Participant: 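Attaching a single structure in structure tokens format; questions to follow.
Bear in mind the structure is a predicted one, so any value in this text is a computation, not a measurement. Just so you know, ligand 1 is whichever comes first in the structure, and atom 1 is the first atom listed for that ligand.
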Amino acid sequence: MGKTETRSTCCYCGVGCGVLISSENGRIAGVRGDPDHPANYGRLCSKGLNLAASAASDSGRARYPEMRMDRNAPRRRAGWDEVLDVAADRFADIIRQHGPDAVAFYVSGQLLTEDYYLFNKLAKGLIGTNNIDTNSRLCMSSAVAAYKMALGADGPPTCYEDLEAADCVLFAGSNTAYAHPVLFRRLEAAREARPGVRWIVVDPRRTDTAAMADLHLQIQPGTDVALFHGMLHHLIWEGLIDADYIAAHTEGFDALKRMVRDYTPKLAAEICGVSAEDIIAAAECFGRSPASLSLYCMGLNQSSQGTAKNLALINLHLAAGQVGKPGAGPFSLTGQPNAMGGREVGGMATMLAAHRDIANPAHRREVAAHWGVPEERLSPRPGLPAVEMFEAMARGEIKAVWIACTNPAHSMPDLPRVREALARAELVVLQEAFADTDTAAFADIVLPAASWGEKDGTVTNSERRISRVRAAAPPPGEARTDAWIAAEFARRLAARLHPDEAGHFDYDGAGRIFDEHRALTVGRDLDMGGLDYALLEAKGPQQWPLPAGSASGLARRYEDGVFATDNGRARFHAIDYQPPADKVSAHYPFRLISGRLRDQWHGMSRTGRLPQHFAHSPEPELRMHPEDAERRGLSDGELVWVASKRGRLALPLRGSDEVARGSVFAAMHWNGRFMSSGGVNEATIAAVDGLSFQPELKHAAVKVERAELPWRVLAAVRQADLPGLRARLSPLLEGCGYAAISLAGTDTLYLRAAEAQARPDWLARLLEALDWRPGADTLEYRDDKRGVFKRAAWRGNRLDRLLFAGSLPADQAAAEALLQTLLSGEDWQGPRLAVFAPAGAAASPRERTVCQCKQVGEGAIRRALAEGADMDGLQSRLGCGTVCGSCLPELKRMAASSAQPV
Ligand SMILES: Nc1nc2c(c(=O)[nH]1)N[C@H]1C(S)=C(S)[C@@H](COP(=O)(O)OP(=O)(O)OC[C@H]3O[C@@H](n4cnc5c(=O)[nH]c(N)nc54)[C@H](O)[C@@H]3O)O[C@H]1N2
Ligand SMILES: Nc1nc2c(c(=O)[nH]1)N[C@H]1C(S)=C(S)[C@@H](COP(=O)(O)OP(=O)(O)OC[C@H]3O[C@@H](n4cnc5c(=O)[nH]c(N)nc54)[C@H](O)[C@@H]3O)O[C@H]1N2
Ligand code: SF4
Ligand SMILES: [Mo]
């Protein structure tokens with residue numbers, strides 16, 4: 001086969017960067033940014049840069065179909081025909097017995113548009129249920145609801161070129177520096193090129209994005225509606241609104257004006273916990289700038305007022321005439337690579353294909369005719385959105401669920417209830433690329449899916465741009481593409497339910513599926529009649545709308561002031577501020593915020609395979625303001641229970657003034673494969689927004705208390721196949737008070753565990769899972785009465801394996817010091833027997849790597865700064881920040897704080 005280069009798209013975030021994948025003899029060997037792709041022009045962030053490395057090994061991948069007939073039996077390997085026939089039999093039986101709404105599909109914004117289209121056609125067209133929802137419900141549904149309510153149709157009006165044209169950029173609930181890094185690079189470059197550009201960040205945390213802002217409004221979590229109303233009050237009061245625009249292109253302003261009369265900047269300041277001056281400064285910047293752009297994400301959407309937050313922000317744009325012109329508009333940044341494609345095909349429980357409505361009989365008729373199914377097949381009842389879907393499962397009303405490309409046993413709120421639901425379902429089918437996610441534990445049937453670099457289709461990024469995704473290597477084992485699996489299942493189900501429709505899922509390649517999808521968009525706001533694979537091949541990625549006959553897609557919508565509503569006018573909405581659903585109280589005094597780390601992706605099934613992705617934030621932690629910690633007598637590194645009314649998890653505490661007093665933060669990534677609990681969603685609340693049904697993942701009320709777990713274990717092993725070792729160790733985590741696995745740069749996996757008492761049985765299991773038989777290079781010490789066990793092994797002159805178990809505090813410091821030695825990869829100094837001597841001083845905690853590309857740690861940067869280096873000096877001396885740039889915001893923050901006089 002030789003060497004080839006394949007043009008494709010990054011599988012991570014909604015920026016949608018173009019990549020060039022090089023493969024050799026059918027294996028992916030390298031990835032670089034596509035210099036011609038209009039999203040990134042060759043740039044990639046720290047996640048995209050590592051794609052080739054994570055695709056290189058197939059260890060841990062799902063390779064063969066598996067199933068079990070009996071819930072209590074283990075799954076066994078099976079053939080594709082067998083599993084798909086069993087699945088079709090069971091689905092057909094349940095549908096005949098209990099009706100089509102007794103089954104459900106829970107799919108993903110990480111599927112390709114073609115996969116998504118098939119699942120939607122299968123559920124709504126073949127089965128006749130709208131019970132197909134996706135993880136986009138947890139992500140973008142508030143943005144969808146607000147765009148439809150305010151502008152008449154879903155989808156952002158803006159494009160990436162607006163990033164360069166904006167004078168005032170308002171980041172609201174978006175940590176763009178971490179979550180959309182390549183767009184952040186573009187924004188940084190734009191600000192450097194035009195010094196008049198101003199940045200405002202609205203975030204309850206001082207993120208790296210916030211640290212770079214001209215103004216950071218560190219609001220109380222959940223109070224954005226009051227803030228935006230307060231800003232609008234000032235705009236109206238100071239005559240900064242665009243009365244002509246309002247009169248010509250909008251409706252509903254008077255009611256809004258009446259309502260925001262009460263939201264003085266002073267009142268808003270009280271609700272939000274920021275100063276009225278800062279609110280006024282933000283309004284002045286937004287109202288007076290020639291072009292104001294807002295970038296928003298989960299800090300707005302994941303809230304019981306998610307839609308209201310979006311609408312209140314859109315109100316500002318409409319009132320100031322800041323939309324439909326270069327550099328202006330409300331720009332919802334999409335999280336997943338194909339959240340947009342999913343919305344286009346109508347892949348959610350509350351919508352139909354191509355932005356059509358379930359409740360509209362004409363819309364149902366059009367879609368039914370397109371699919372060649374009887375009109376009555378399309379159900380007029382909306383399906384169940386994600387949270388309700390799992391509730392109905394827990395009640396036994398949904399009996400079979402098909403889950404594809406998402407991991408609800410980690411990512412849904414209120415995990416104890418989600419696990420109950422999955423355990424109650426009669427049949428759980430899981431279509432996954434990686435074999436052992438938290439959801440896999442509940443699956444009766446596991447279908448191995450081809451993943452990034454192995455499949456063919458399209459995705460749509462945040463600016464409505466459709467790019468091709470292409471295969472560069474074959475999938476491992478018997479894994480098949482998602483489209484193949486969906487179509488094969490649909491054919492078999494059709495044969496059982498509607499035999500004359502079996503041919504409805506025969507396609508000659510992904511391009512034909514796309515053609516069927518785009519035909520449904522003709523005449524709609526997202527018209528893609530002129531866009532097909534041939535055009536994408538010839539001219540590269542394209543934006544919609546792109547109707548037949550037009551030469552290119554539309555970059556910016558609503559430039560003529562005509563919106564997608566019935567009368568062409570955009571609508572203002574007047575919704576009062578409401579506090580988050582979960583009340584903080586004396587019992588649950590903290591707001592638990594969750595969000596993203598720079599270098600991890602969601603449940604870590606892919607990023608958790610490589611040490612590179614752990615370096616920036618190596619272990620789970622709960623960040624708490626140092627004064628809150630002090631008042632509770634809690635110190636850094638100490639284990640705490642984070643508990644809500646739903647459930648609890650243990651985490652190490654870290655004092656950090658990035659959060660305000662009264663708030664705590666934990667990353668959303670860690671889960672049962674890497675930690676003793678399912679992660680932060682053990683404690684989150686399943687309350688949803690009443691308009692979008694998006695759950696309030698960011699604002700649980702929790703208490704934080706010391707976890708008394710004095711017996712500690714630390715194990716570290718150097719090994720080539722880290723994903724394989726991780727998979728063997730994960731089953732040991734469950735049931736521990738606290739336990740976590742991390743990977744480090746020296747091909748090392750280390751595991752920490754903590755328990756109330758010594759557990760020799762568990763230690764024995766650990767030794768077995770590590771497959772560690774003592775050899776000539778091993779030293780061991782044990783004192784069973786004290787629960788102490790120590791073992792160390794060398795390879796050549798280097799410490800190679802380590803296991804320390806014992807009680808706090810005596811053995812802990814020594815163990816930490818040895819971990820540092822092992823991770824440093826340096827030669828062992830002095831006699832080996834000293835390995836069991838108590839440590840002199842407590843070891844300093846593991847250093848974070850700030851720059852992943854050049855492996856530069858925090859210490860080296862601080863030393864260089866102390867010696868007088870500035871940003872340029874850091875880059876030239878240490879090389880940090882010179883490759884992907886993901887660490888630039890942090891470097892700038894460190895440089896700025898060291899430059900301040902002390
Ligand atoms: N590195 C990385 N990048 C990713 C992902 C990833 O897993 N890892 N996932 C992708 C996906 S699917 C998504 S949806 C996006 C998410 O991208 P973002 O939404 O930017 O990321 P989050 O960290 O979830 O949340 C953003 C911020 O909202 C703040 N916040 C919390 N509550 C409030 C509030 O009430 N008001 C305001 N204004 N802010 C609040 C949090 O402090 C946080 O800093 O990231 C995408 N990009
Ligand atoms: N507390 C809290 N919870 C959150 C959030 C938060 O901010 N806070 N954010 C929410 C948001 S915005 C999102 S988007 C969700 C994300 O939550 P999930 O959707 O659960 O996240 P992933 O881990 O990306 O799950 C995708 C799964 O698909 C698998 N996979 C990868 N490629 C393929 C493929 O090609 N085919 C198939 N079939 N499978 C594949 C991966 O191995 C992975 O297990 O989490 C939500 N949950
Ligand atoms: S910004 Fe990073 S994660 Fe997002 S698409 Fe680009 S390379 Fe991938
Ligand atoms: Mo998301």
Participant: Could you walk me through whether S174 and T176 pass the side chain to side chain donor-acceptor pair (under 3.5 Å) test, one step at a time?
Facilitator: CA-CA 5 Å; S174 158; T176 324; 2.7 Å; yes

Participant: Where the closest heavy atom to atom 12 (S) of ligand 2 is concerned, which of M412, R606, K698, R596 has it?
Facilitator: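 Nearest heavy atom to atom 12 (S) of ligand 2 lies in R596.
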
Participant: Taking distance alone, with N or O pairs closer than 3.5 Å, would you say K47 contacts ligand 1?
Facilitator: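 Yes, at least one N or O pair falls under 3.5 Å.
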
Participant: What verdict does the salt bridge (Lys or Arg N to Asp or Glu O under 4.0 Å) test give for D115 and K455, after you've listed the backbone C-alpha separation in whole Å, the side-chain angles of each residue and the deciding distance to 0.1 Å?
Facilitator: CA-CA 10 Å; D115 311 337; K455 53 196 275 195; 3.1 Å; yes

Participant: Can we say R598 and D208 salt-bridge, meaning some charged N sits less than 4.0 Å from an Asp/Glu carboxylate O?
Facilitator: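 Judged by the 4.0 Å cut-off on N to carboxylate O distance, R598 and D208 do not form a salt bridge.
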
Participant: Relative to the heavy atoms of G603, which atoms of ligand 2 are at a distance of less than 4.0 Å?
Facilitator: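 Answer for ligand 2: 23 (O).
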
Participant: Between D436 and R726, does at least one N-O distance fall below 4.0 Å, as a salt bridge requires?
Facilitator: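 So D436 pairs with R726 through a salt bridge.
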
Participant: Going by heavy-atom distance to atom 44 (O) of ligand 2, choose the closest among E696, E432, H410.
Facilitator: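 Nearest heavy atom to atom 44 (O) of ligand 2 lies in E432.
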
Participant: Which of the protein's N, O or S atoms come within less than 2.8 Å of atom 4 (Fe) of ligand 3, not counting waters?
Facilitator: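 Per the 2.8 Å query on atom 4 (Fe) of ligand 3, atoms found are C13 SG.
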
Participant: Taking the ring centre of each residue, are W452 and Y12 less than 6.0 Å apart?
Facilitator: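 Here the rings of Y12 and W452 have centres that are no less than 6.0 Å from each other.
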
Participant: Write out the residue and atom name of the closest protein heavy atom to atom 17 (O) of ligand 2, then the distance separating them to 0.1 Å.
Facilitator: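 It is S411 CB, 3.1 Å.
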
Participant: Identify whether the distance between the nearest side-chain nitrogen and carboxylate oxygen of R205 and E658 falls below 4.0 Å.
Facilitator: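 Yes, R205 and E658 are salt-bridged.
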
Participant: Considering both backbone and side-chain atoms of L300, is one of its nitrogen or oxygen atoms within less than 3.5 Å of a nitrogen or oxygen in ligand 1?
Facilitator: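 No, L300 has no N/O under 3.5 Å of an N/O on ligand 1.
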
Participant: Indicate yes or no: does E621 engage R623 in a salt bridge with an N to O separation below 4.0 Å.
Facilitator: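 Looking at E621 and R623, the cut-off is met.
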
Participant: Identify, for atom 24 (O) of ligand 2, the protein heavy atom at the shortest distance, and state residue, atom and that distance.
Facilitator: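 Of every protein heavy atom, Q110 NE2, 2.8 Å lies nearest to atom 24 (O) of ligand 2.
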
Participant: Record the part of S136 in heavy-atom contact with ligand 2 below 4.0 Å; permitted values are side chain, backbone, both and neither.
Facilitator: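 Under 4.0 Å from ligand 2, S136 contributes no heavy atoms.
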
Participant: Thinking salt bridges, do K47 and D599 make one under a 4.0 Å N-O criterion?
Facilitator: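 Looking at K47 and D599, the cut-off is not met.
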
Participant: Given side chains that start at C-beta, do those of H410 and T439 come closer than 4.5 Å, heavy atoms only?
Facilitator: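 Of all side-chain heavy-atom pairs linking T439 with H410, none is under 4.5 Å.
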
Participant: Going by the atom numbers of ligand 2, which of them fall below 4.0 Å from some non-hydrogen atom of D482?
Facilitator: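 Ligand 2 atoms under the 4.0 Å threshold to D482: 34 (C), 35 (O), 36 (N), 37 (C), 38 (N).
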
Participant: If hydrogens are left out, which of M668, H602, E682 has an atom nearest to atom 21 (O) of ligand 2, that is, the closest non-hydrogen atom?
Facilitator: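 Minimum heavy-atom distance to atom 21 (O) of ligand 2 goes to H602.
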
Participant: Assess R61 against F434: is NZ or CZ under 6.0 Å from the centre of the six-membered ring, and within 45 degrees of the ring's axis?
Facilitator: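 Here R61 passes the 6.0 Å and 45° test against F434.
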
Participant: Is any N or O atom of C139, backbone or side chain, closer than 3.5 Å to an N or O atom of ligand 2?
Facilitator: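 For ligand 2, there is no N or O atom that lies under 3.5 Å from one belonging to C139.
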
Participant: As an exercise, identify every atom of ligand 2 less than 4.0 angstrom from a heavy atom of N135.
Facilitator: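 Here the atoms of ligand 2 in question are 19 (O).
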
Participant: Please identify which of these residues, T684, D414, D582, meets the side chain to side chain donor-acceptor pair (under 3.5 Å) condition with R646.
Facilitator: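 Going through T684, D414, D582 one by one, the side chain to side chain donor-acceptor pair (under 3.5 Å) with R646 is satisfied by D582 alone.
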
Participant: Looking only at heavy atoms, is any part of N681 under 4.0 Å from ligand 2, and if so is it the side chain, the backbone, or both, or is it neither?
Facilitator: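 Near ligand 2, N681 shows its side chain, while the N, CA, C and O stay back.
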
Participant: Would you list the pairs meeting salt bridge (Lys or Arg N to Asp or Glu O under 4.0 Å) in which at least one residue belongs to residues 677-689, sequence neighbours left out?
Facilitator: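 Qualifying pairs: R419-E682.
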
Participant: Are Y106 and W402 an aromatic pair by the rule of ring centers under 6.0 Å?
Facilitator: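 No, too far apart.
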
Participant: So which heavy atom in the protein is nearest atom 8 (N) of ligand 2, and how far is it from that ligand atom?
Facilitator: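 Going by distance alone, atom 8 (N) of ligand 2 is nearest to S594 OG, 2.9 Å.
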
Participant: Hey, does K309 come in under 3.5 Å of ligand 1, counting only N/O atoms on both sides?
Facilitator: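 Yes; the residue has a nitrogen or oxygen that sits under 3.5 Å from a nitrogen or oxygen of the ligand.
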
Participant: For atom 32 (N) of ligand 2, what's the nearest protein heavy atom and its distance?
Facilitator: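 That would be S451 OG, 3.1 Å.
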
Participant: Should T334 be listed as contacting ligand 1, given a heavy-atom distance under 4.0 Å as the test?
Facilitator: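 In this structure, T334 fails to qualify as a contact of ligand 1 - no heavy atom is under 4.0 Å.
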
Participant: Just need the protein heavy atom nearest to atom 41 (C) of ligand 2, so name the residue and atom and give the distance.
Facilitator: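 Ranking protein heavy atoms by distance from atom 41 (C) of ligand 2, first comes S605 OG, 3.1 Å.
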
Participant: For A449, counting its heavy atoms only, list the atoms of ligand 2 lying under 4.0 Å from any of them.
Facilitator: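 Going through ligand 2 atom by atom, the ones under 4.0 Å from A449 are 36 (N), 37 (C), 38 (N).
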
Participant: Are any of the side-chain heavy atoms of P474 and E454 separated by less than 4.5 Å?
Facilitator: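 No, every pair of side-chain atoms sits at 4.5 Å or beyond.
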
Participant: Around atom 36 (N) of ligand 1, find the nearest protein heavy atom and jot down its residue, atom name and distance.
Facilitator: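 Scanning the protein heavy atoms, the shortest distance from atom 36 (N) of ligand 1 goes to D224 OD1, 2.8 Å.
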
Participant: Out of F228, Y178, Y12, W601, who is nearest to atom 10 (C) of ligand 1 when you count heavy atoms only?
Facilitator: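 Looking at heavy atoms only, the winner is W601.
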
Participant: Going by the order shown, which atoms of ligand 2 are within less than 4.0 Å of some heavy atom of T437?
Facilitator: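 The list of qualifying atoms is 44 (O).
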
Participant: Considering only heavy atoms of V680, which atoms of ligand 2 have at least one such atom less than 4.0 Å away?
Facilitator: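 Numbered from 1, ligand 2 contributes 1 (N).
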
Participant: Return a yes/no value for H699: is any of its N or O atoms, backbone included, closer than 3.5 angstrom to an N or O of ligand 1?
Facilitator: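 Min N/O separation from ligand 1 is below 3.5 Å for H699.
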
Participant: Tell me the nearest of D203, L138, N175, V15 to atom 43 (C) of ligand 1, using heavy-atom distances.
Facilitator: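 Heavy atom nearest to atom 43 (C) of ligand 1 belongs to D203.
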
Participant: How close does the nearest protein non-hydrogen atom get to atom 6 (C) of ligand 2, and which residue and atom is it?
Facilitator: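 Here the closest protein heavy atom is Q302 NE2, 3.6 Å.
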
Participant: Name the option, out of C45, A179, A177, that contains the heavy atom nearest to atom 3 (N) of ligand 1.
Facilitator: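 Among C45, A179, A177, the closest heavy atom to atom 3 (N) of ligand 1 comes from A179.
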
Participant: Polar-atom distance check: S108 versus ligand 2, any N or O pair below 3.5 Å?
Facilitator: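 Between S108 and ligand 2, no N or O pair is found under 3.5 Å apart.
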
Participant: Which class fits the ring pair F171 and W199: parallel under 30°, tilted 30 to 60°, perpendicular over 60°?
Facilitator: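 Plane angle over 60°, so perpendicular.
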
Participant: Indicate, as side chain, backbone, both or neither, the part of M140 found under 4.0 angstrom from ligand 1 when only non-hydrogen atoms are considered.
Facilitator: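 The answer is neither; M140 stays 4.0 Å or more away.
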
Participant: Please identify which atoms of ligand 2 are closer than 4.0 Å to at least one heavy atom of A433.
Facilitator: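 Every atom of ligand 2 under 4.0 Å from some heavy atom of A433: 30 (N), 33 (C), 39 (N), 40 (C).
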
Participant: Could you work out, for atom 35 (O) of ligand 1, the closest of G306, C13, G222 by heavy-atom distance?
Facilitator: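 When every heavy atom of G306, C13, G222 is considered, G222 comes closest to atom 35 (O) of ligand 1.
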
Participant: Name the option, out of G14, G109, P181, G335, that contains the heavy atom nearest to atom 13 (C) of ligand 1.
Facilitator: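 Going through G14, G109, P181, G335 one by one, G335 has the nearest heavy atom to atom 13 (C) of ligand 1.
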
Participant: With a 6.0 Å cut-off on ring centres, are F184 and Y178 close enough?
Facilitator: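 Not under 6.0 Å, so no.
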
Participant: For T207, counting its heavy atoms only, list the atoms of ligand 1 lying under 4.0 Å from any of them.
Facilitator: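 Those qualifying, in numeric order: 44 (O).
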
Participant: Measuring from atom 33 (C) of ligand 1, which candidate in P221, G173, P204, S174 has the nearest non-hydrogen atom?
Facilitator: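 Comparing heavy atoms across P221, G173, P204, S174, the nearest one to atom 33 (C) of ligand 1 lies in P204.
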
Participant: Could you tell me the residue and atom name of the protein heavy atom closest to atom 25 (O) of ligand 2, and the distance to it rounded to 0.1 Å?
Facilitator: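 Checking every protein heavy atom, the shortest distance to atom 25 (O) of ligand 2 gives T406 CA, 3.7 Å.
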
Participant: Nearest heavy atom to atom 37 (C) of ligand 2: which of C405, G299, A339 does it belong to?
Facilitator: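 The nearest heavy atom belongs to C405.
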
Participant: Would you check whether T223 has a nitrogen or oxygen atom less than 3.5 angstrom from a nitrogen or oxygen atom of ligand 1?
Facilitator: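 In fact, backbone or side chain, T223 has no N or O that close.
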
Participant: Please work out, at 4.0 Å between heavy atoms, whether the side chain, the backbone, both, or neither of M604 comes within that distance of ligand 2.
Facilitator: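 Neither part.
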
Participant: Does a donor on one side chain sit under 3.5 Å from an acceptor on the other, for N135 and Q336?
Facilitator: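 There is such a pair between these side chains.
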
Participant: Indicate yes or no: does an N/O atom of Q336 lie under 3.5 Å from an N/O atom of ligand 2?
Facilitator: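 Checking ligand 2 against Q336, no N or O pair falls under 3.5 Å apart.
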
Participant: Evaluate the ring planes of F674 and F614, with Trp represented by its six-membered ring, and classify them as parallel (under 30°), tilted (30 to 60°) or perpendicular (over 60°).
Facilitator: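 The arrangement is tilted - the two ring planes meet at 30° to 60°.
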
